[in-house]
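A short write-up of the structure that comes next.
Please read all numbers here as calculations on a predicted model, not as lab measurements.
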Amino acid sequence: MNPSTRLTGYPFMRKLLSIVIAIVAVAILLGVGAIGYLWYSTKQEVDRLVTAAKPFAEISYGGIDVSPAGSMGVNRLRIRPVIVNDSISIGAIRLNTPNFLALLNVRWQLSQNQLPEALALSFQDFELSLSGGILGVDPAGHADESSPFDHLDALGCGPITAFGAPEWREMGYDRFLGNVEIGYRIDSKNNLLELRVDSDMRDWATLNLSIGLALTKPPKSLMELPLSLTPKLAKLSFMLRDDGLNQRRNAYCAAKAGKPLPEYLADHVQRVVERLRANGVILGPGLIAAYQSYLTEGSALTITAAPPAPINPAELHEYAPADIVKLLGLRVKVNEVAVTDLAVDWNAAAITKALNIKTKPESEPELEPQTASAPPPSPPSTAIKKIHPTYHPISVGELGQHAGKIVKLRTASGAQYRGQLHSATEDFIHITVRKSGGSAVLSLRTHDITVTEVLY
């Protein structure tokens with residue numbers, strides 16, 4: 001190399017290195033300053049909350065922690081409610097964001113009524129004693145307030161009618177110890193709000209739940225969220241993994257019932273099936289076998305739903321059970337084995353009675369405006385020949401005469417359906433409806449239909 005080139009190149013490299021070092025130093029100082037700001041502001045807010053909570057609980061904590069990975073939290077908390085002689089211990093409560101820049105921005109966004117794209121709150125090493133006053137309530141003492149669908153897991157367990165702290169202690173548990181995280185994420189590309197709950201309780205069970213709700217458009221503020229959020233389910237994922245509870249409960253209940261374990265399990269499953277059937281829910285053989293398999297083999301129960309198009313869960317009662325499975329794209333697995341028989345049926349009136357839900361009589365005048373909103377029949381005319389088909393109101397009993405035609409149906413709840421009519425019986429009306437994700441043959445209950453129109 002030419003000596004002159006080496007002499008002129010060295011100062012340049014030295015200047016470049018100095019610039020890089022300066023940039024790194026400034027970045028570190030800015031990061032340290034940002035972490036310091038977050039630490040100080042978080043401590044102020046935590047101290048304010050601790051002071052405000054004094055009339056209700058005594059709260060102490062060990063310190064504030066800010067992570068460059070995008071989270072900040074309060075460590076080593078202990079909460080002592082004033083009304084009970086007990087305390088809750090939490091290793092850390094953390095606010096989690098996708099990255100450090102999002103963490104810096106989240107407080108400003110909330111102050112400006114803006115909605116962060118993703119946010120989660122986690123409770124780490126959550127611990128609660130089963131011997132204290134918080135969980136000291138006996139669930140069996142509130143039997144008058146329960147429904148027939150409560151405490152199904154205690155059926156067949158000898159004299160035990162409900163599980164609470166005393167029963168769990170007899171099973172060998174002394175506390176709840178685990179982690180819980182609750183969060184959301186806005187998927188702007190697919191117009192979805194994804195809600196997520198993840199928890200694991202040591203020696204009990206692990207739960208992972210994810211729910212996708214359809215959005216009309218991505219909300220830019222907290223005020224826009226209720227307007228853009230629709231009640232339609234776009235996807236669902238539920239996974240429950242047994243981490244020891246099934247084995248302990250089975251052994252405990254078999255002993256309480258004075259039966260061998262296989263005999264207790266068979267009796268328990270039969271009692272659950274009979275209790276559900278007596279109150280309007282009829283499980284098919286596949287679901288019964290799946291429940292028994294989960295109890296005996298442990299591992300995991302997985303339920304997923306992927307509707308061809310987002311669907312409002314409040315409308316599901318309008319469909320026949322078999323159609324609900326298709327509309328939801330429902331899949332069930334037990335211990336990674338798919339449950340192929342998802343047959344189930346129910347009696348809505350029996351379920352409503354069991355849950356003590358008061359309904360309005362069908363004859364009440366509030367239902368009349370729904371039928372009155374249908375267009376009146378056109379007066380007959382022999383002078384004008386109709387070229388284009390139009391919708392004509394008819395009675396539900398006349399639907400059977402129009403198989404193959406396009407119909408519009410409205411239910412007592414106000415839900416409307418348009419599709420090709422297959423058949424109409426005393427109990428069900430079968431039509432094919434088309435949605436963005438495809439089509440499905442639906443079976444609507446005849447007695448729920450208030451308005452019928454036929455295209456001809």
Could you check whether any side-chain heavy atom of [X] comes within less than 4.5 Å of a side-chain heavy atom of [Y], counting everything from C-beta outward?
{"X": "N335", "Y": "S293", "answer": "yes"}
{"X": "L421", "Y": "I406", "answer": "no"}
{"X": "L444", "Y": "Y417", "answer": "yes"}
{"X": "L328", "Y": "L233", "answer": "yes"}
{"X": "L455", "Y": "V407", "answer": "no"}
{"X": "D242", "Y": "L240", "answer": "no"}
{"X": "W346", "Y": "I324", "answer": "yes"}
{"X": "L119", "Y": "Y184", "answer": "yes"}

Any donor-acceptor N or O pair under 3.5 Å, side chains [X], [Y]:
{"X": "N208", "Y": "D198", "answer": "yes"}
{"X": "T161", "Y": "H151", "answer": "no"}
{"X": "T206", "Y": "D243", "answer": "yes"}
{"X": "D427", "Y": "T446", "answer": "no"}
{"X": "S71", "Y": "R94", "answer": "yes"}

Look at [X] together with [Y] and state whether they make a salt bridge at an N to O cut-off of under 4.0 Å.
{"X": "E181", "Y": "R196", "result": "yes"}
{"X": "E167", "Y": "R249", "result": "no"}
{"X": "K235", "Y": "E194", "result": "yes"}
{"X": "D200", "Y": "R241", "result": "no"}
{"X": "R277", "Y": "E274", "result": "no"}

Taking [X] for the side chain and [Y] for the main chain, is one N or O donor matched with an acceptor at less than 3.5 Å?
{"X": "N246", "Y": "Y294", "result": "yes"}
{"X": "N190", "Y": "L192", "result": "no"}
{"X": "D47", "Y": "V50", "result": "no"}
{"X": "T296", "Y": "Q292", "result": "yes"}
{"X": "E127", "Y": "S89", "result": "no"}
{"X": "R410", "Y": "I449", "result": "no"}
{"X": "R76", "Y": "G62", "result": "yes"}
{"X": "N279", "Y": "R275", "result": "yes"}
{"X": "S122", "Y": "Q124", "result": "no"}

What is the ring orientation for H268 with Y291, classed by angle as parallel under 30°, tilted 30 to 60°, or perpendicular over 60°?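 Rings of H268 and Y291: tilted, as their planes differ by 30° to 60°.
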
Just say parallel, tilted or perpendicular for the rings of W204 and F176, cut-offs at 30° and 60°.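 W204 vs F176 ring planes: tilted.
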
Stepwise side chain to side chain contact (heavy atoms under 4.5 Å, CB included) check, V396 with H447: CA-CA 9 Å; V396 178; H447 68 267; over 6 Å; no

Pairwise distance [atom1]([X]) to [atom2]([Y]) - rounded to 0.5 angstrom:
{"X": "L327", "Y": "I311", "atom1": "CG", "atom2": "CD1", "value": "4.5 Å"}
{"X": "I288", "Y": "I282", "atom1": "CD1", "atom2": "CD1", "value": "10.5 Å"}
{"X": "L49", "Y": "K54", "atom1": "CG", "atom2": "NZ", "value": "13.0 Å"}
{"X": "H422", "Y": "L399", "atom1": "NE2", "atom2": "CG", "value": "13.5 Å"}
{"X": "L103", "Y": "T97", "atom1": "CG", "atom2": "OG1", "value": "4.5 Å"}

[X] atom [atom1], over 12 foreign heavy atoms within 6.0 Å:
{"X": "N85", "atom1": "CG", "result": "no"}
{"X": "E117", "atom1": "CD", "result": "no"}
{"X": "F56", "atom1": "CZ", "result": "no"}
{"X": "K326", "atom1": "NZ", "result": "yes"}
{"X": "R331", "atom1": "CZ", "result": "no"}
{"X": "K333", "atom1": "NZ", "result": "no"}
{"X": "K353", "atom1": "NZ", "result": "no"}

Does F428 have R445 sitting over its ring (NZ/CZ under 6.0 Å from centre, angle to axis within 45°)?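 Judged by the rule, R445 and F428 form no cation-pi pair.
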
Please find the pair of heavy atoms, one from [X] and one from [Y], that lie closest to each other, and give the distance.
{"X": "A57", "Y": "V82", "value": "N-CG1, 3.9 Å"}
{"X": "S67", "Y": "F100", "value": "O-CD1, 3.8 Å"}
{"X": "I303", "Y": "L330", "value": "CG2-CD1, 4.0 Å"}
{"X": "I182", "Y": "V180", "value": "CG1-CG1, 4.2 Å"}
{"X": "R169", "Y": "S131", "value": "CD-OG, 3.6 Å"}
{"X": "R80", "Y": "S87", "value": "CG-CB, 3.7 Å"}

Please say which of D125, V46, I90 ends up in a side-chain contact (heavy atoms from CB on, under 4.5 Å) with L77. I90

Could you go through the side chain to side chain contact (heavy atoms under 4.5 Å, CB included) check for V332 and L342 one step at a time? CA-CA 8 Å; V332 179; L342 298 179; 3.7 Å; yes

Salt bridge (Lys or Arg N to Asp or Glu O under 4.0 Å), that's the test. Do K259 and D267 meet it? Break it down for me. CA-CA 10 Å; K259 298 178 180 179; D267 178 57; 3.2 Å; yes

